[in-house]
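Predicted model only: the values in this text are computed from it and were never measured.
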Amino acid sequence: MNETITQINDVLWSYVLMVALIGCGLWFTWRTRFMQFRMLGEMVRLLGDSAVGNNRQGHRHVSSFQAFAVSVATRVGTGNLAGVATAIAIGGPGAVFWMWAIAIIGSATAFVESTLAQLFKQRHADSFIGGPAYYIQKGLHSRWMAILFAVLITINFGLSNNSIQSNTICGAMQSAFGWSPLWVGIVLSALALGIVFGGIHRIARVSSVLVPLMAIGYFILAVIVIVMNIELIPHVMKVIFTNAFGLEQAVGGGLGATMMNGIKRGLFSNEAGEGSAPNVAATAAVTHPVKQGLIQALGVFTDTLLVCSCTAFIILISGLYQTPELNGIALTQSALQSEVGAMGPVFIAVAILLFAFSSIIGNYYYGEANIRFMTHRPWVLTVYRIFSGGVMVMFGALATLETVWSIGDLCMALLTACNLVAIIGLGRYAFRLLDDYRQQKRQGIKEPTFHRQKFPEIANELECWE
């Protein structure tokens, strides 16, 4: 079974998604006039304002910063610690370069999909709700495609990805403390169920605390390791770039394998183009759709260029990536142990617990948003919560690493393909919104606003922008 899934994954990633992801990223970068470089300062300003400012649209709405925290919580997880290690072990050090490349061009894709999610969002109870299923139905007027996406993302994030997060947590705990995966899985399931039954507000509150704490702590540790080995950095950079273009064969990774693993693990980590982050981006209360689009683009940089790079440098400095029996989270733990001693595996175990657990609860919400799109029956959501927070967390705890990652890659490929078709068809609205935002900024308006009358051809579909 695993071999069949692996063969399907190789075909999808080698011949379809690599070309589509890179092509879309370059097209969106060109059409937005390189917004990921030119508007980086505005991204940081918006995130800072939303973190310290008050929500003008009601205290029960999710703030822009909270939406950013939830999306980063799902991005910053096993992909950053275990996924990076897997990419390097299989594809060689050059995979790191392709992770960087897909993040840089992918940030434009992330901007487009999150801006569209804001544009087509709907009111729901005490927050907003939206995402690709909503902009596919309202923008492309394709109910069947919207349902297909909703089903795929529910399976991918709410079920498959949660098993990957759980598997990695259990592996780290067993390696560091010798704890049984069965008992760790039981505890994780209980904690996850307690949070997911609290809805998006509880998820947002937990994520807004866990995400900054874990990211800053891990970044500080990585900087310490880099400073301790500063003389090795030129060699590390040389190895990354020479291996990235097939100039140096390492760990059996030719150019194709290097690119494929770097792009796969980069996408799994930053999720740009996958259609996941737009689901939580739509929940934010902002005055213009572009604001949340810019903040979500910054999330891609935060994830890959910051956190993933931390893991990559620790592993490459240690030199242990050339050890055949080390892969996944075990490679990251061993690399850190070689640099900081016996506390290395313990620190990684605690970090992966925070990283991956925040991903579990964030992943759950992506499924919830799409369950609500497909049906309003309360019992369906209850069943989903039990499977997402309980059953699949336990499955991941007991399954093998190869099984959970193979299933995850297949689900991610199908989901990404569906979303890319949608954002290519609707991208023109995101470009017009960005032009409107830039024009207002040039007029001296500090906080641009958007009204649906500016898009008369789809005004009836934009219920939140009177």
Side-chain angles (χ1 to χ4, degrees), residues 20 23-35 39 42 46 57 61 64 67 108-124 127-150 153 272-273 275 277-297 369-370 372-374 417-443 445 447-466:
C24 286
L26 291 173
W27 167 245
F28 291 142
T29 296
W30 174 259
R31 285 294 284 110
T32 60
R33 288 176 286 174
F34 301 89
M35 51 73 54
M39 302 189 73
E42 180 70 358
L46 288 170
Q57 299 194 39
H61 282 299
S64 187
T109 306
F111 165 79
V112 170
E113 62 183 0
S114 292
T115 299
L116 289 173
Q118 269 287 323
L119 179 65
F120 290 101
K121 68 186 180 182
Q122 295 180 353
R123 291 186 181 87
H124 172 71
S127 67
F128 297 112
I129 193 168
Y134 294 82
Y135 60 63
I136 289 171
Q137 177 164 294
K138 290 188 169 190
L140 295 180
H141 304 290
S142 177
R143 176 69 178 174
W144 73 266
M145 186 175 174
I147 291 293
L148 174 63
F149 179 89
I153 195 171
N279 292 273
V280 72
T283 66
V286 292
T287 61
H288 198 291
V290 164
K291 287 185 174 182
Q292 199 63 27
L294 291 173
I295 288 178
Q296 295 301 333
N370 287 275
R372 294 185 185 278
F373 173 81
M374 291 184 286
C418 184
N419 184 57
L420 289 179
V421 171
I423 61 178
I424 290 172
L426 297 172
R428 62 188 183 279
Y429 296 122
F431 306 148
R432 287 169 59 186
L433 284 166
L434 182 58
D435 289 341
D436 176 67
Y437 187 87
R438 282 171 164 160
Q439 183 178 4
Q440 292 188 52
K441 293 292 288 186
R442 286 194 294 268
Q443 293 172 352
I445 301 173
E447 300 296 340
T449 59
F450 172 75
H451 303 285
R452 64 184 180 184
Q453 289 78 9
K454 294 181 179 180
F455 285 5
E457 71 276 22
I458 57 170
N460 291 337
E461 303 288 354
L462 310 180
E463 69 173 61
C464 297
W465 300 100
E466 295 91 341

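The two residues L140 and A422 come nearest to each other via the heavy atoms CD1-CA, 3.8 Å. Heavy-atom minimum distance, L148 versus C418: CD2-SG, 4.4 Å. Closest non-hydrogen pair, T32 versus R438, comes out as O-NH2, 3.0 Å. For the pair Q296 and A110, the tightest heavy-atom approach, listed with the atom from each and the gap, is O-CB, 4.3 Å. The two residues T283 and F128 come nearest to each other via the heavy atoms CG2-O, 3.5 Å. Nearest heavy atom pair, residue R372 against residue Y134, reads C-OH, 4.2 Å.
Below 30°, between 30° and 60°, or above 60°: for F431 and W27 the angle between ring planes is above 60°, a perpendicular geometry.
Rounded to the nearest 0.5 angstrom, I423 CD1 and F111 CZ are separated by 12.0 Å. Rounding to the nearest 0.5 Å places CG of N419 at 5.0 Å from CD of E113. In this structure, K291 NZ and L46 CG are separated by 6.5 Å, a value rounded to the nearest 0.5 Å.
Every pair passing side-chain hydrogen bond (donor to acceptor under 3.5 Å, both in side chains) that includes a residue from residues 420-432 is listed here, sequence neighbours excluded: R432-E457.
Using a 4.5 Å heavy-atom cutoff, the side chains of F120 and I458 are in contact. Residues F450 and V286 are not in side-chain contact: their nearest non-hydrogen atoms beyond the backbone lie 4.5 Å or more apart. The side-chain heavy atoms of Y437 and M35, taken from C-beta on, include no pair separated by under 4.5 Å. Residues V112 and R31 are not in side-chain contact: their nearest non-hydrogen atoms beyond the backbone lie 4.5 Å or more apart. For the pair L119/L433, a side-chain contact is recorded, criterion being any heavy-atom separation below 4.5 Å from C-beta on. A heavy-atom distance below 4.5 Å is found between the side chains of N279 and P132. The shortest side-chain heavy-atom distance between P278 and L116 does not fall under the 4.5 Å cut-off.
In this structure, W465 contributes its side chain and Q118 its backbone to a donor-acceptor pair below 3.5 Å. Between the E463 side chain and the Q122 main chain, no donor and acceptor come within less than 3.5 Å of each other. Distance alone, capped at 3.5 Å, is enough to place a donor-acceptor pair between the K138 side chain and the E461 backbone. Between the side chain of H288 and the backbone N or O of V290, at least one donor-acceptor pair lies under 3.5 Å. At distances below 3.5 Å, at least one donor-acceptor pair connects side-chain atoms of T287 with backbone N or O atoms of P448.
Checked by atom type, the side-chain pair Q440/D436 shows a donor-acceptor distance below 3.5 Å.
A salt bridge links D435 to R33: one of the charged nitrogens lies within less than 4.0 Å of a carboxylate oxygen.
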